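In what follows, a single structure is set out as C-alpha cells and then discussed.
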Number of protein chains: 2
Amino acid sequence: MNELDQRIVHALAEDARRSYADIGAEVGLSAPAVKRRVDRLRAEGAITGFTVRVDPAALGWETEGFIELFCRRNTSPDSIHRGLSRYPEVASASTVTGEADAIVQVFASDMRHFERVLERIAGEPFVERTKSVLVLSPLLRRFSSGSPG
Amino acid sequence: MNELDQRIVHALAEDARRSYADIGAEVGLSAPAVKRRVDRLRAEGAITGFTVRVDPAALGWETEGFIELFCRRNTSPDSIHRGLSRYPEVASASTVTGEADAIVQVFASDMRHFERVLERIAGEPFVERTKSVLVLSPLLRRFSSGSPG
DNA sequence: GATGAAACTCCATAATT
DNA sequence: AATTATGGAGTTTCATC
C-alpha cells in the first residue's frame, strides 16, 4: 500500500460514494486506475467494505456507554464473542489487558434501555461482574473498521 | 424514520456503494424513491455520510488500545477535542462518567508507536494522568457513527 | 507491471405523470 | 411514488508506456 493508495482510502473515508473520476482528479489518476486500486485493496483485505455513517442520537440511540467485563476463569474470547453478538445494542467489543477481561461499547435508546442491556449482559453465564461508564459527549469518531457482522 | 428507512440504512450499512436501484429492488421501491429517502435522511442528520471500512491490521495499525484521561480541573470537552484531534492515531474519544474524564481509542502501528502516542497525550497540558489498556482481540465492530473530523 | 482512452452498460438525477 | 429521459458514472477492453 503506497502513498497513492493511502490518498484514495483517505478520499473514500471522507465520502465513500464519491466517483472514481472525482477521486482520480484529486490524486492524479484516471477513473479506471482508481477503480483498479480500490479493487486490489479490497482483494487484499485492506478495504473490507463501504458503510454509512449514522448519527445514533438521530436514530433514537441517545445513550452510550462502555461496559467492562470481568469474566469467569477460562472464558475464551470466542465465547464472549458468541455471547455478545446476540445483542443489537453492542457496537463493539474487545478483550483487553488490565483488570477487566473485555471492554464492550453499547448504544441504547435511553437510560432504562441501557440498564436493561447492562443487566442482561451482567447475567450472562460467562460474566462474573461488570463495571460501566456512561458517555457524556462523543468528541471524536474517526473511522470504521472490521466487518459488518 | 420508519421501517422502510431502516431497511435502506441497513442496506447502506452493509454496502454504501450499492446502487439505489439495487436497494430499491430489495425494499420494494424505485431508485428515485430510495434516493429521495436517503437525501431526506441526510438532511435530517440521521445519515451523516458514507465511509470506507478498513482493516487496521492490513494497513499496519496492529496495536490498539484505550486510554483513560484524567484531566485538570475545569478542562472543557472542547479543549479535549481540540487537543486530541491533532493525533491521527486517535480513532475515537468521549467524555465519560466515573473516575476518568474521557476514554480515547488509539490505533498505532506497533507497541513502540503506541507508547510514543501515549506519552505525547499524557504530556498534553490538560492531562493530569492516564490509565491505558491494550486490546488483545477485537471481537466485534458493528457500525460507524459521527462525523469524519 | 500499471496506465489512459474509448466503448458500453448501468446508474443518478431531474422532470413528468 | 413510478416512469421516463438524459447526462454522468462504473466497468470492460485494448493499446501504450
Side-chain angles (χ1 to χ4, degrees), chain A residues 1-56 58-60 141-149, chain B residues 1-62 88 109 141 143-149:
Chain A
M1 170 129 165
N2 63 18
E3 191 237 338
L4 219 44
D5 294 325
Q6 288 185 353
R7 290 173 65 191
I8 291 171
V9 170
H10 183 80
L12 287 170
E14 285 188 338
D15 182 4
R17 282 188 80 93
R18 267 181 82 179
S19 74
Y20 293 143
D22 218 38
I23 296 170
E26 184 178 310
V27 305
L29 285 173
S30 67
V34 173
K35 176 188 156 39
R36 273 191 294 269
R37 282 173 182 265
V38 171
D39 286 346
R40 177 172 50 77
L41 290 168
R42 293 198 70 161
E44 290 170 356
I47 291 177
T48 60
F50 302 96
T51 192
V52 62
R53 208 162 20 217
V54 297
D55 179 3
L59 296 179
R141 287 193 220 279
R142 229 163 214 163
F143 59 87
S144 178
S145 59
S147 57
Chain B
M1 171 129 167
N2 62 19
E3 191 236 338
L4 220 44
D5 294 325
Q6 288 186 353
R7 289 173 65 191
I8 291 171
V9 170
H10 183 81
L12 287 170
E14 285 188 337
D15 182 4
R17 281 189 81 92
R18 267 182 82 181
S19 75
Y20 293 144
D22 217 38
I23 296 169
E26 185 177 309
V27 305
L29 250 52
S30 68
V34 174
K35 177 190 156 37
R36 269 193 299 272
R37 282 173 181 265
V38 171
D39 286 346
R40 178 172 51 75
L41 290 168
R42 293 198 70 159
E44 290 170 356
I47 290 178
T48 60
F50 302 97
T51 192
V52 62
R53 206 160 25 214
V54 298
D55 178 3
L59 295 178
W61 300 80
E62 308 235 1
S109 55
R141 286 193 220 281
F143 60 88
S144 175
S145 60
S147 57

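All values derive from a computational prediction rather than experimental measurement. Letters go in sequence order (proteins before strands), and every chain restarts at 1. Hydrogens, waters and symmetry mates are skipped; everything else that's a heavy atom, side chains included, is used.
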Hey, what do you get for [atom1] ([X]) to [atom2] ([Y]), rounding to the nearest 0.5 Å?
{"X": "Asp5(A)", "Y": "Arg7(A)", "atom1": "CG", "atom2": "CZ", "answer": "11.0 Å"}
{"X": "Leu41(A)", "Y": "Gln6(A)", "atom1": "CG", "atom2": "CD", "answer": "10.0 Å"}
{"X": "Ile47(B)", "Y": "Arg53(A)", "atom1": "CD1", "atom2": "CZ", "answer": "11.5 Å"}
{"X": "Asp15(B)", "Y": "His10(B)", "atom1": "CG", "atom2": "NE2", "answer": "12.0 Å"}

**Item:** Which atom of Ala16(A) lies closest to which atom of Phe50(A), heavy atoms considered
**Value:**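 For Ala16(A) and Phe50(A), the tightest heavy-atom pair comes out as CB-CD2, 3.8 Å.
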**Item:** Minimum heavy-atom distance Val27(A)-Leu4(A), with the two atoms named
**Value:**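 Closest pair (atom of Val27(A), atom of Leu4(A), distance): O-CD1, 3.7 Å.
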**Request:** Would you indicate, yes or no, if dA12(C) has its OP1 or OP2 atom less than 4.0 angstrom from a side-chain nitrogen or oxygen of Arg17(A)?
**Result:** yes
**Prompt:** What are the residues of residues 29-39 of chain A, sorted by number, that bring a heavy atom to within less than 4.0 Å of DNA chain C?
**Reply:**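 Nucleic-acid contacts, sorted: Leu29(A), Ser30(A), Pro32(A), Ala33(A), Arg36(A), Arg37(A).
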**Item:** Angle by which the axis turns from one end of the helix from dG1(C)-dC17(D) to dT17(C)-dA1(D) to the other, five pairs per end, to 10 degrees
**Value:**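 The angle separating the two end axes equals 30°.
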**Item:** Flag side-chain contact, heavy atom, 4.5 Å: Val38(B) against Arg17(A)
**Value:**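 Sidechains of Arg17(A) and Val38(B): no contact.
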Could you state the [atom1]-[atom2] distance from [X] to [N], rounded to the nearest angstrom?
{"X": "Leu41(A)", "N": "dA2(C)", "atom1": "CG", "atom2": "P", "answer": "12 Å"}
{"X": "Ile23(B)", "N": "dC10(C)", "atom1": "CD1", "atom2": "P", "answer": "18 Å"}
{"X": "Asp22(A)", "N": "dA12(C)", "atom1": "CG", "atom2": "P", "answer": "15 Å"}

**Asked** Of all the nucleotides listed (dA12(C), dT3(C), dG10(D)), which has the minimum atom distance to the side chain of Tyr20(B)?
**Response** dA12(C)
**Message:** Quick check on side-chain hydrogen bond (donor to acceptor under 3.5 Å, both in side chains): which of Lys35(A), Arg36(A), Arg42(A), Arg37(A) does Asp39(A) satisfy it with?
**Reply:** Lys35(A)
